[in-house]
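These notes concern the structure reproduced below.
In what follows, every heavy atom counts, from backbone to side chain, and hydrogens, waters and symmetry copies are set aside. Labels below follow one simple rule: chain letters A, B, ... track the order of the sequence lines, proteins then strands, and each chain is numbered from 1.
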Protein chains: 2
Amino acid sequence: MDLRRLRYFIAVAEELHFGRAARRLHISQPPLSLQIQTLEQELGVALFERAGHRISLTDAGRELLPRARLVLAQAEAAKTAVQRVGRGESGALELGFTGSLPFTPVMPRVLHDFRRAYPGVQLQLRELSTREQIERLTAETLDVGFFRPTRHELLEQLETRVVLREPLLLALHADNLLARRKRLPLAALAQEPFILYSRSVSTGLHDQILALCLKAGFAPRIVQEVHEMPTIIGLVAAGVGVALVAASMRQIHVPGVVFLPLVETGVATDILLAWKRGPASPALRNFLAIALSQTK
Amino acid sequence: MDLRRLRYFIAVAEELHFGRAARRLHISQPPLSLQIQTLEQELGVALFERAGHRISLTDAGRELLPRARLVLAQAEAAKTAVQRVGRGESGALELGFTGSLPFTPVMPRVLHDFRRAYPGVQLQLRELSTREQIERLTAETLDVGFFRPTRHELLEQLETRVVLREPLLLALHADNLLARRKRLPLAALAQEPFILYSRSVSTGLHDQILALCLKAGFAPRIVQEVHEMPTIIGLVAAGVGVALVAASMRQIHVPGVVFLPLVETGVATDILLAWKRGPASPALRNFLAIALSQTK
DNA sequence: ATATTTGATATGTTATCCATATCATCCTGG
DNA sequence: CCAGGATGATATGGATAACATATCAAATAT
């Protein structure tokens, strides 16, 4: 049984006239008659009653008609669905991000634009540490990820682009005397209790800030390590200590927390978009196109 | 898009190996590769990821697989359903019957046997007058009918078979003095109020009984005409009069009604099975085979 | 390094499908 | 009642598509 034959059958069943049906199918009448005969032979059942020049459906034909329509419609639906996936208009995309990313301007904008452009794609958002993202990206259990720079041996298997560079700000409690200043040199923090990113999870920021402090002439007195940037804000508000955070953390309004720029220039952290090298799925290509077009 | 290609695709998607899939499909490997390529071209999407010697499904392929299975399964279901109808194991059958038929031994037995033999056939039962049945049978809005003999010009377009011949009994009220007798001659009813079948609806019985009475030497005093036999029983119970009914009306047990055989022999009524001449649907053929096999 | 496996390519053969031409039958109108 | 038109079936040749055998290129395994 062939989809073509089913289509032919439907045409004849609807027109109840071989000639008209053939015209509608853009073929001539004889092959249409033959195809119907073949179908009937194949099924072992007469589908049409040929009484003189008037034809009508048999019981078997009446049984087949709606079923044939169904099969054809679902074949058509399968085709368009597959093509949508092929064009990246449908499908699924798993997106990783670290805790600070939702507060940056870039990730919300990318998500918004992509969702509007490709509403058929299921975006799965997963808050994951930088390391987890890298591991899952290489293992292809994650399609694309937002995180900040770090060191990782698997990074070379990934493609990365900087999508935003934002300054690091000093976050400290309003009660701290230093909070009255407009800006501060890093060295002013030499005696302050320091909240720092965990060495194992946020290697990049940990190392970057340690290096900055050493360059400023002191080793920070680390009183707490945290995994994610937003956590820091809470700790600062609780008076645990001071910290360096990305500028977009200012989005988090917590009473008692003051953000101050550093005197030093060029102290900043990048936000990266990363995905695995090699052939990208259509949905991923579309996502990258939108995400990267906004960072020119 | 072709059902064959979908079948091929499913095989490759399940085996993830062109060679094994080809063996399973009983074709050689090259045409299988070509068919998959053709399908991919047709859809404009890659369905398999050919990384070296290991192939895997693309997103589009994963989208297609369940849909292809569905289309194929439904095509298969359509095929078997149509063949079932073709063999008369399925489909619909409209059966007409007059009010007295459910009380005869023949109709319940035929229905029971047919339902057991062909449970897939939808049997629509319609209580219709003899005349309506004949008209609908010729118009092919009824497939087959049970009724008693009658005269009708359309009858010649129908095929009829006698499936049961049952005696006519006298039905009268227990209070009637005649009810004490074991049997009665028809002439004994000469003075009794007579309930008769309607001339217009049950022409056959009407004429038959009138003729019998005349032969017995009297014209019945008709006090009531009815359309259906069971109605008579109620009227007899109510003391309206006496009537001649088929023997199977004894099935209806109503207090006060007595059934007596006639002295005359050979006073009987036939039950007919009727259907339209010409090619019968498979379901009808099977029904007739069962109905007629029981009346040998 | 070599043998084996695997999917792609090349080519000839066969089967299928379609179009033109024609036929048989039925219906319609004069 | 008969001729003409209409309708579906049949016959036949040509184009297309599907298949098998043979072969190749690349990757994996021993």
Can you tell me which residue among A/E135, A/E94, A/Q124 is in a side chain to side chain contact (heavy atoms under 4.5 Å, CB included) with A/L142? A/E94
Could you list the residues that satisfy ring-ring contact (aromatic ring centres under 6.0 Å, His included) with B/F114, not counting sequence neighbours? B/Y118, B/F287
For atom CZ of B/R50 and atom C1' of C/dT5, their distance in whole Å: 17 Å
Using only side-chain N and O atoms of B/R5, determine if any of them is under 4.0 Å from OP1 or OP2 of D/dA18. yes
N/O contacts under 3.5 Å, protein versus nucleotides 3-6 of chain D?
none

Quick one: does B/K276's side chain have a donor or acceptor within less than 3.5 Å of a partner on B/L158's backbone? no
Can you name the nearest heavy-atom pair linking A/L273 to A/A291, along with the distance? CD2-CB, 3.5 Å
Return yes if some donor-acceptor pair links the side-chain N/O of B/S202 with the main-chain N/O of B/S198 below 3.5 Å, else return no. no
Okay, side chain of A/S90, backbone of A/V121: is any donor-acceptor separation there less than 3.5 Å? no
Need one value for B/Y8: base, sugar-phosphate or nothing, where a base atom within 4.0 Å counts as base even if backbone is also close, heavy atoms only. sugar-phosphate
Any side-chain N or O of A/Q35 less than 4.0 Å from the OP1 or OP2 oxygen of C/dC18? yes
Using a 4.0 Å cut-off on heavy atoms, which residues in residues 20-31 of chain A reach DNA chain C? List them by number, or say none. A/H26, A/I27, A/S28, A/P30, A/P31
Evaluation steps, salt bridge (charged side-chain N to carboxylate O under 4.0 Å, His left out), between A/D207 and A/R199: CA-CA 8 Å; A/D207 291 359; A/R199 169 113 184 79; 3.0 Å; yes
